[in-house]
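Residue numbering restarts at 1 for every chain, and letters A, B, ... go by the order of the sequence lines.
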2 protein chains.
Amino acid sequence: MPQYTPPVRDVRFVLEHVVGLENYANHPDFQNATPDVVDAVLDEGGKFVAEVLFPLNASGDQEGCTRHDDGSVTTPKGFKEAYDAFVESGWGTLSAPEEFGGQAMPHVVSTAFQEFMISSNMAFAMYPGLSHGAIAALLAKGSDEQKAKYVPNMVSGKWGGTMNLTEPQCGTDLGLIRTRAEPQADGSYAITGTKIFISSGEHDLTENIIHLVLAKTPGAPESSKGISLFVVPKFLVNDDGSLGDRNPVTCGSIEHKMGIHANSTCVMNYDGAIGWLVGEEMKGLAAMFIMMNAARLGVGLQGLGVAEVAYQNAVQYAHDRRQGRALTGAKEPNEKADTLFVHPDVRRMLMEAKALTEGLRALCLWGALQVDLEHAGATEEERQLASDLIGLLTPVIKGYGTDKGYDVATNAQQVYGGHGYIAEWGMEQYVRDARIAMIYEGTNGVQAMDLVGRKLAQNGGRAVQAFFKVVADDVAAGKADPATADFATRLEKANGELQAATMWFMQNGMQNPDNVGAGAHSYMHIMGIVGLGVMWLRMATAANKLKAAGEGDAAFLDAKLMTARYFAERIMPEAGALRRKIEAGAEALMAIPPEMFVAA
Amino acid sequence: MPQYTPPVRDVRFVLEHVVGLENYANHPDFQNATPDVVDAVLDEGGKFVAEVLFPLNASGDQEGCTRHDDGSVTTPKGFKEAYDAFVESGWGTLSAPEEFGGQAMPHVVSTAFQEFMISSNMAFAMYPGLSHGAIAALLAKGSDEQKAKYVPNMVSGKWGGTMNLTEPQCGTDLGLIRTRAEPQADGSYAITGTKIFISSGEHDLTENIIHLVLAKTPGAPESSKGISLFVVPKFLVNDDGSLGDRNPVTCGSIEHKMGIHANSTCVMNYDGAIGWLVGEEMKGLAAMFIMMNAARLGVGLQGLGVAEVAYQNAVQYAHDRRQGRALTGAKEPNEKADTLFVHPDVRRMLMEAKALTEGLRALCLWGALQVDLEHAGATEEERQLASDLIGLLTPVIKGYGTDKGYDVATNAQQVYGGHGYIAEWGMEQYVRDARIAMIYEGTNGVQAMDLVGRKLAQNGGRAVQAFFKVVADDVAAGKADPATADFATRLEKANGELQAATMWFMQNGMQNPDNVGAGAHSYMHIMGIVGLGVMWLRMATAANKLKAAGEGDAAFLDAKLMTARYFAERIMPEAGALRRKIEAGAEALMAIPPEMFVAA
């Protein structure tokens with residue numbers, strides 16, 4: 001019953017007016033992203049996922065994955081065929097390097113496609129999604145031999161990839177890892193241990209699965225400094241590229257989860273499985289962060305993707321459902337009731353969703369541009385700026401993006417009233433699916449600590465100062481134009497709250513680091529508000545310019561301007577309350593002894 | 001794996017120091033609530049639900065209800081036996097009148113028990129819960145004959161009761177009802193139509209089910225003014241009280257829902273079923289509101305009940321799970337990691353839950369006292385004040401209480417990290433169960449409109465003025481005591497935001513009613529914050545007094561005081577942002593034409 005249309009027009013607007021993709025037309029790393037190719041990716045890629053993946057979303061949720069007694073796992077009906085079509089079409093190869101069979105498109109383009117794929121079928125999108133993380137780690141840290149052996153088939157989608165971090169006793173605290181890696185005479189390692197929550201850990205979509213596994217070598221210290229990264233294929237790969245023996249790495253069970261039922265979340269048992277070191281011994285954490293940072297941006301995109309499809313359906317329901325009359329008098333007196341659109345509180349939920357999804361889309365695509373510029377920037381300065389900005393904003397995109405994605409999905413469900421709670425309408429699945437994005441790849445509390453505990457202080461605060469400069473420049477330009485002056489002034493105020501909170505951390509964090517931890521989550525949200533504020537200012541500026549030039553669809557541009565106003569009036573005010581929470585400090589949080597928490 | 005301990009000590013604290021139950025000791029309507037009886041209800045009633053109902057919560061969710069081909073419905077394994085034990089124990093009869101077999105306890109006592117029952121098993125609690133709504137309507141509007149015929153067996157729990165309002169084409173807008181009631185020669189009516197979302201509509205727990213059904217008599221106007229209420233028993237009841245023919249009212253299907261799987265949510269088909277008018281023809285809406293108001297308070301209590309059990313488990317997990325180290329240095333260096341309690345962001349989620357659940361508990365019990373005083377007040381003035389206050393606060397308890405109940409459940413799940421997403425840990429069920437409470441008995445948007453569109457303006461604003469006087473009196477007393485002066489000053493500020501928002505509605509609602517609708521949800525939340533603020537001020541005042549007198553458990557009282565401070569520092573600041581949203585008005589919400597909502 002749900003429906004989905006890729007928001008191609010909105011992506012184009014962002015690529016053109018926020019990302020400024022054409023500015024990079026002559027850049028070698030962007031040369032494959034010619035306008036007609038980008039159009040084809042958006043139009044044809046969007047069509048593919050909407051036609052092939054979206055119809056499997058509800059049925060995949062209902063059926064889930066099945067583990068058989070031999071440890072094999074079957075994905076839901078239709079997934080294998082859809083995956084084959086996905087591989088055949090090459091949509092999974094967009095941003096991979098050409099030398100490994102990829103299309104060498106910039107991340108900003110593949111990110112746009114990824115959003116469509118997530119909206120169509122988040123659980124499905126996770127199969128190639130995990131492969132991308134594993135590819136990134138191998139490309140960054142693997143030997144030439146490892147790259148040659150594994151990456152081409154992973155890029156093509158013939159093989160899958162996974163990330164094996166979590167164990168029963170350790171999630172965030174990877175220093176507690178117990179999985180052991182015993183060196184063998186031939187230079188390989190025998191990996192033994194249990195990993196849990198392994199997304200796409202075992203399935204029937206690919207002929208091989210390349211596991212990247214964190215483990216400890218003998219004598220390694222009992223901290224995250226003792227971790228090494230290993231590549232452990234499900235089937236060993238012979239020198240001629242053919243598949244060899246089955247490695248003793250097996251799926252012990254699949255988890256029964258709240259959502260993303262169609263993705264197999266596995267307990268993986270390593271029983272002396274043969275693996276090879278990726279990069280240096282005991283440098284696994286750094287390699288892991290390469291997978292992790294890409295994955296975190298991908299999870300932020302999940303917040304957006306699920307929010308978008310939930311929002312689209314809520315809009316349609318508000319069109320279709322008639323209930324009650326407008327407060328200002330019947331809008332359609334010949335009908336028995338007006339549509340839900342007449343009710344301000346329904347509008348509030350839809351406008352909130354519109355302001356957040358379009359804002360997050362811009363931020364995700366702008367963030368993807370920074371990922372590109374981190375490597376492709378023309379100067380060292382440009383590369384460093386991009387690296388600083390995306391490092392700072394990765395936890396914000398992940399944490400704020402998925403908190404808001406869940407809120408939007410919940411509100412979209414709310415628009416349906418009682419029908420929103422019924423499975424057949426599809427809305428409750430979006431809420432269940434959106435929920436995991438706040439948890440995995442580092443809970444949003446961990447993101448907040450990464451932001452305030454690591455990213456803020458790094459290099460003497462260089463990244464946050466760079467961010468403040470971006471905001472200040474945009475605010476100055478926005479204030480100079482009467483059409484955006486009000487918005488820019490409000491953004492300046494929200495940014496002032498962020499700066500004040502930053503200052504408060506500097507003044508109160510030394511004396512008691514808990515003061516920083518206590519405000520971390522609120523701080524992440526203020527930065528999310530300011531980040532989206534910058535995006536909305538850029539979108540409003542572009543809309544005004546186009547309107548003045550008599551270009552573009554006036555109704556589309558007017559909607560952009562009104563949504564920017566909604567963002568300024570209804571979302572930005574939260575920044576002040578969040579700052580007040582931060583400035584309350586840690587005392588009321590930390591004072592009560594643990595045993596007094598339950599009043600029973 | 002989850003656990004539950006009824007928060008008896010906290011309820012006692014509220015009954016003693018917020019409700020002031022002993023002040024009513026000599027009142028006839030409270031005479032059955034002697035201290036030892038109240039103790040027995042809390043201790044033994046709490047024990048009963050924790051031991052009998054709680055163990056069925058997860059299994060009931062997993063199994064769900066089953067409809068058989070003959071239309072009969074089986075509840076999950078163990079429910080029938082538990083229900084029989086529940087009836088046998090008499091816990092369902094607490095607040096029913098003695099003449100119908102009840103124990104004539106005040107609502108404030110039965111409400112405390114209800115919270116425990118909901119925490120133990122929300123889906124189970126809905127079976128007797130729906131009966132209570134039906135009993136309330138029959139007692140208020142039924143004939144003496146109807147009361148005598150149905151109520152005693154409903155009070156005892158031998159028979160169940162339901163509320164049949166919603167139809168496929170109408171939820172909130174009951175004027176659209178199509179179910180017809182044709183008068184028969186013998187004074188009965190033949191009821192024909194389809195009702196949906198009927199909680200406890202068909203099941204195997206009771207030998208009869210008494211449906212209260214909204215329908216339209218011939219020629220009734222096509223609006224909510226044309227609705228009449230009918231009593232339609234599953235089995236007709238003979239004059240001697242024995243069961244007669246099966247009435248043609250059957251369960252057509254049960255819904256597949258996001259949660260509360262163990263409660264049967266039925267499509268009910270009325271195929272000329274025999275029913276009798278309850279009260280006057282075309283006065284069904286008023287009768288319906290009697291059921292509804294009781295039900296709305298009950299749903300608010302669901303927000304609290306689910307939040308409480310989710311919170312308790314998150315606290316336990318934070319005790320048990322070790323991960324990472326305190327920012328201020330290892331707290332337990334001999335262990336491999338510290339407990340989650342050392343992390344400020346985990347504390348934030350737990351303190352937020354503690355401040356909200358204990359605050360909501362006080363507000364629910366204080367609200368239940370108003371329900372009692374509405375009838376039992378010594379003077380007409382006291383009765384009217386109670387009626388005004390509970391009328392005003394019913395949508396707040398329902399709307400704010402369930403919004404926050406869902407937030408607390410979501411945060412409690414978040415404390416578990418990845419394990420929170422896995423079904424066997426039980427936390428995701430609490431989120432799924434809590435979600436419905438924001439939707440049914442009038443969505444929270446409908447609650448907000450009831451508050452600002454009806455309750456604020458009624459009787460020239462008498463109720464809200466009475467509420468402001470309650471706040472002002474408490475603030476004045478609180479400011480006079482140095483120990484509570486800071487809290488009271490902050491509460492005064494939050495109440496100032498509420499008063500300013502009220503004034504803004506008065507000034508801007510006439511000219512455009514959408515301005516009121518656009519701010520309704522935010523207004524409901526500010527009133528929730530102020531309402532909980534009053535409760536926390538009373539609890540803090542009591543805690544200070546007890547400490548000064550050297551009475552009570554100092555650790556318990558210190559925790560109360562620190563939680564009050566958390567509430568003041570971390571929750572009250574939201575009132576200012578909410579006011580700013582309200583004062584933005586309706587324009588940005590209503591301006592975009594419906595067809596421009598999707599940017600695709």
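- Of the atoms belonging to A:Ile196, it is side-chain heavy atoms, and not backbone ones, that fall under 4.5 Å from chain B.
- For A:Arg432, the parts lying under 4.5 angstrom from a heavy atom of chain B are both the backbone and the side chain.
- Counting only heavy atoms from C-beta outward, the side chains of A:Arg361 and A:Glu358 approach each other to under 4.5 Å.
- Neither the backbone nor the side chain of A:Tyr440 comes within contact range of chain B; no heavy atom of the residue lies under 4.5 Å from a heavy atom of that chain.
- B:Lys581 and B:Ser522 share no donor-acceptor pair across their side chains, judged by distance under 3.5 Å alone.
- One finds the OG1 atom of B:Thr328 at 6.5 Å from the CE atom of A:Met590 (value rounded to the nearest 0.5 Å).
- Applying the 6.0 Å contact sphere to CD of B:Gln169 captures more than 12 heavy atoms from other residues, nucleotides or ligands.
- Look at B:Arg570 and B:Glu352 and you find no salt bridge, because none of the NZ, NE, NH1 or NH2 atoms lies under 4.0 Å from a carboxylate O.
- Using a 4.0 Å cut-off between a side-chain N of Lys or Arg and a carboxylate O of Asp or Glu, B:Glu428 and A:Arg435 do not qualify as a salt bridge.
- Counting non-hydrogen atoms of neighbouring residues, nucleotides and ligands closer than 6.0 angstrom, the CD atom of A:Gln3 exceeds 12 such neighbours.
- Residue A:Val11 does not touch chain B at all, counting heavy-atom pairs closer than 4.5 Å.
- Contacts of A:Tyr406 with chain B are made by side-chain atoms alone, with heavy-atom separations under 4.5 Å and no backbone atom involved.
- Of the listed residues (B:Gly585, B:Ala337, B:Gly442), the greatest number of heavy-atom pairs within a distance under 4.5 Å of chain A belongs to B:Gly585.
- Contacts with chain B were tallied for A:Gly175, A:Gly259, A:Ala586; A:Gly259 has the most, counting heavy-atom pairs under 4.5 Å.
- Counting heavy-atom pairs under 4.5 Å between each of A:Ile571, A:Thr410, A:Val516 and chain B puts A:Thr410 at the top.
- Contacts of A:Asp514 with chain B are made by both backbone and side-chain atoms, with heavy-atom separations under 4.5 Å.
- Interface remark: A:His256 contributes backbone and side-chain atoms alike to the contact with chain B (heavy atom separation under 4.5 Å).
- For the set B:Ala591, B:Ala588, B:Gly445, B:Pro593, the entry with the most heavy-atom pairs within less than 4.5 Å of chain A is B:Ala588.
- Interface remark: A:Asn444 contributes backbone and side-chain atoms alike to the contact with chain B (heavy atom separation under 4.5 Å).
- Interface remark: of the candidates A:Gly417, A:Ala353, A:Gly576, A:Gly417 forms the most heavy-atom pairs closer than 4.5 Å to chain B.
- For A:Thr166, no part lies near chain B; criterion is any non-hydrogen pair under 4.5 Å.
- By the neighbour-count criterion of 12 heavy atoms within 6.0 Å, atom CD of A:Gln62 is sparsely surrounded, having that number or fewer from other residues, nucleotides or ligands.
- Ring pair B:Phe597/A:Tyr311 is tilted by interplanar angle, where 30° to 60° counts as tilted.
- Residue A:Thr339: no heavy atom, backbone or side chain, is found under 4.5 Å from chain B.
- In this structure, chain B has no heavy atom under 4.5 Å from any part of A:Ala520.
- Counting heavy-atom pairs closer than 4.5 Å to chain A, the top-ranked of the candidates B:Glu222, B:His343, B:Arg325, B:His419 is B:His419.
- Within the 4.5 angstrom heavy-atom criterion, only side-chain atoms of A:Leu176, from C-beta onward, approach chain B.
- Under the 6.0 Å cut-off for aromatic ring centres, A:Tyr421 and B:Phe197 do not qualify, their centroids lying 6.0 Å or more apart.
- Between the side chain of B:Gln447 and the backbone N or O of B:Glu441 there is at least one donor-acceptor pair closer than 3.5 Å.
- Per-residue heavy-atom pair counts under 4.5 Å with chain B were compared for A:Ile422, A:Leu174, A:Val315, A:Ile260, and the maximum is reached by A:Ile422.
- By number of non-hydrogen pairs under 4.5 angstrom with chain B, the leading residue of A:Tyr566, A:Phe341, A:Tyr416 is A:Phe341.
- No other option in A:Glu255, A:Glu424, A:Glu587 has as many heavy-atom pairs under 4.5 Å with chain B as A:Glu587.
- For a residue to count as touching a neighbouring chain, one of its non-hydrogen atoms must lie under 4.5 Å from one of that chain's; by this rule A:Met572 does not touch chain B.
- Within the 4.5 angstrom heavy-atom criterion, atoms from both the backbone and the side chain of A:Gln413 approach chain B.
- With salt bridges taken as basic N to acidic carboxylate O contacts below 4.0 Å, none links B:Lys560 and B:Asp553.
- With no hydrogens or angles considered, no side-chain donor-acceptor pair links B:Gln312 and B:Gln316 at under 3.5 Å.
- With a 4.5 angstrom heavy-atom cutoff, B:Val342 touches chain A only via backbone atoms.
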